[in-house]
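So the structure is just underneath, and the comments pick up after that.
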Amino acid sequence: MNANGETIIEVEHLVRRFGDRAVLDGISFNVHRGETLVIMGGSGCGKSTLLRHMIGSMKPTSGSVKLFGEEVTGMTEREIERVRLRFGMLFQSGALLASLTVGENVALPLVQHTDKSPDEIEQIVKQKLEMVGLTGFEDLKPDEISGGMKKRVGLARALALDPELLFSDEPTSGLDPIMTAVVDELTLNLTKGSHMTAVVVSHDMTSAFRIATRMIMLGHGSIVAQGTPDEIRNSSNPEVQQFIHGKADGPIPLNLSQEEHKDHQHVRPRPFFGARFRFHHKHP
Amino acid sequence: MKNYLQLNLSLLYWILIAPFSGQFFKIAPIFRQMVFIGVRAAPMVALTAFSVGVTLAMQAAHSLQSLGAEMYIPDLVMITLLREMGPVLIAVIVIGRSGSAVAAELGTMKVSEEIEALEVMAINPVQYLVVPRFLAMLVMLPALTIFGNYIGILGGWAVCRFALDFNTAGYVMRALESADTWDLYSGMIKSVVFAWIVITIACNAGLNVEGGAEGVGQSTTASVVQALLAMLVTNAVLTGIFFFSA
């Protein structure tokens, strides 16, 4: 752990309300260069909302988020684009552009933001795809490859500009154990070798303990526990123990009540589409 | 409505201002969209315009024959097509075909997080997705209208030549004499305005989809209805300004 390094992310007293319900209720933490921070917590606990605030696509009700020492919460779209060039983001679904091929998807940030020649770009695309174990897939369309492959292409795309900071939203869900290990290994190498910093939202405890240098567990909108993987593993907090060992019985409530759930969903209630939290840019 | 105005403003920014600060839009995607929006719509436009030309000629023949004024059939076909039927009907075809496709495409991208991914990669969705479609539409709808006008006049000729006593030269002469350039230009101005309305409504609907596949469907339908209404009302206003105010 490198607690003395440069501070890359500073989150202070972050509050986000949807109606009366505070999904994030006063969250503060720092991430230093070279660290891998794993954020964990049950579905709907605010992990992804927190991530959305860190990448500047949601504005908090109050509090501040600083990336590379710059306050992002009050930034205009133009200013935030400059900051976004310095980090990569892997979406839960991969979020590849369906109209482009795998190769074009990985090349997209390079084409848009650099003056590199087509040959150089092709070279970089090859190299990034090789890193995620997808050599030779350049010419396929996203709907011709599996979900796990899409996610790895998404990772290759997030890494295309060699970012200083990588955000990953559940990078290993839907991957087989071997590919999970490959992706974890990749994250470890990148944070070690190039001083990249990683923030990973994950449910996958094996992977989380493998890559994390620090962990945060969220629950009911605030930080339940934080510390090094060892500290978390040996935590006396029963919620933490229940979560990392995946037990059905314990202090964490199983379901949101219907009442809470209604406030929680800021879109129209749609009872048949499951309780997964969807994210949008605009809120009432 | 606020979203719609914002979209228009940022569209103007990316087309008129950003190129001077070094962020020129890429040309290749515009041509790709032109093929999709314009070239692939040509057969449908041709069929529509031909039917309309034939219908106009038959209706004109029916009314004018009783007055002994068949010689004015080409005038009526020509002027109706250039001023009204050409721009309006071809816009209807393009709304149904390309407008709905754009709304559905952008809507699907929105619900599958692709738009958000673009934003996080510091790629502006308006610049990357809307500008090429907008420019393609602004070029192709007037182009399709000119093409449709020709085909419609051909339809009128077919009726006059084969069902009535016209010869080809007579039809062409009469048609050309009757219309002045303002008839064509007024239709072109309408067509450009319709292009603007159709594509901005479609893109706005797509970019603001919420609520999964169901939301994409609703937005697409809404965009078609809104674009049709906006187009027809604008047409009435423009006709009033062009031909009724002076």
Side-chain angles (χ1 to χ4, degrees), chain A residues 48 51-52 54-58 77-100 105-113 115 142-143 150 154 157-158 160-161 163 167 169 265-270 272-274 276 278-284, chain B residues 1-3 6-7 9-10 13-14 17-18 21-29 32-33 35-36 101-102 104-129 131-133 204 206-219:
Chain A
S48 298
L51 200 59
R52 251 65 177 187
M54 285 195 266
I55 62 176
S57 66
M58 282 172 111
E77 204 54 35
R78 302 289 306 279
E79 291 172 320
I80 216 162
E81 280 184 3
R82 197 168 34 78
V83 178
R84 281 173 170 167
L85 289 177
R86 298 175 67 184
F87 67 75
M89 161 100 188
L90 167 60
F91 285 82
Q92 206 168 348
S93 60
L96 303 180
L97 301 194
S99 56
L100 303 181
N105 262 292
V106 180
L108 186 61
L110 296 160
V111 173
Q112 293 285 323
H113 297 306
D115 297 326
D143 57 6
K150 278 184 208 167
R157 185 178 67 180
L161 289 175
F167 292 104
D169 196 353
Q265 273 204 326
H266 41 288
V267 202
R268 275 162 283 154
R270 65 188 55 250
F272 299 112
F273 283 75
R276 271 224 71 99
R278 294 287 314 164
F279 294 93
H280 300 277
H281 294 278
K282 290 169 299 299
H283 300 284
Chain B
M1 199 63 201
K2 190 173 151 234
N3 287 334
Q6 261 171 2
L7 176 71
L9 286 179
S10 79
Y13 169 81
W14 285 108
I17 300 171
S21 57
Q23 291 173 294
F24 203 76
F25 43 83
K26 297 213 162 36
I27 301 296
R32 215 170 300 136
Q33 291 299 326
V35 169
F36 172 71
V102 165
E105 190 190 358
L106 296 189
T108 309
M109 293 182 76
K110 173 79 194 286
V111 298
S112 60
E113 291 182 320
E114 289 179 37
I115 306 265
E116 194 180 357
L118 283 175
E119 282 174 350
V120 172
M121 284 188 277
I123 299 170
N124 188 295
V126 173
Q127 184 201 18
Y128 185 74
L129 297 171
V131 167
R133 287 167 174 78
N204 186 53
L207 291 178
N208 291 303
V209 166
E210 281 187 11
E214 194 190 345
V216 174
Q218 285 169 353
S219 276

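Convention: sequence-line order gives letters A, B, ...; per-chain numbering from 1.
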(request) Write down the atom of B:E114, the atom of A:L97, and the distance for their closest heavy-atom approach. (result) OE1-CA, 3.3 Å

(message) Need one label for A:L100: side chain, backbone, both or neither, based on atoms under 4.5 Å from any heavy atom in chain B.
(response) side chain

(message) Between A:R52 and B:E119, does any side-chain N to carboxylate O distance fall below 4.0 Å?
(response) no

(request) Determine the option with the most heavy-atom pairs under 4.5 angstrom with chain B, choosing from A:G88, A:S93, A:A158. (result) A:S93

(request) Carefully, step by step, assess B:V120 and A:F167 under the rule side chain to side chain contact (heavy atoms under 4.5 Å, CB included). (result) CA-CA 11 Å; B:V120 172; A:F167 292 104; over 6 Å; no

(request) Please state whether the side chain, the backbone, both or neither of A:L96 comes within less than 4.5 Å of a heavy atom of chain B. (result) backbone

(message) Less than 4.5 Å to any heavy atom of chain B: does that hold for the side chain of A:R157, its backbone, both, or neither?
(response) side chain

(message) Looking only at heavy atoms and a cut-off of under 4.5 Å, which of A:L108, A:I80, A:V83 has the most pairs with chain B?
(response) A:L108

(message) With rounding to the nearest 0.5 angstrom, report the OG to CD1 distance, A:S57 to B:I115.
(response) 13.0 Å

(message) Can you tell me which portion of A:I55 sits under 4.5 Å from chain B's heavy atoms? Options are side chain, backbone, both or neither.
(response) side chain

(request) Determine the option with the most heavy-atom pairs under 4.5 angstrom with chain B, choosing from A:M89, A:R78, A:R82, A:E77. (result) A:R78

(request) Any chance you could measure B:I123, atom CD1, to A:R84, atom CZ, to the nearest 0.5 Å? (result) 11.5 Å

(message) Taking side chain as everything from C-beta outward and backbone as N, CA, C, O, which of these in B:M121 sits under 4.5 Å from a heavy atom of chain A? Side chain, backbone, both or neither.
(response) both

(request) Give the minimum heavy-atom separation between B:E113 and A:A95, together with the two atoms involved. (result) O-CB, 3.7 Å

(request) Can you tell which part of A:R86 gets under 4.5 Å to a heavy atom of chain B, answering side chain, backbone, both or neither? (result) neither

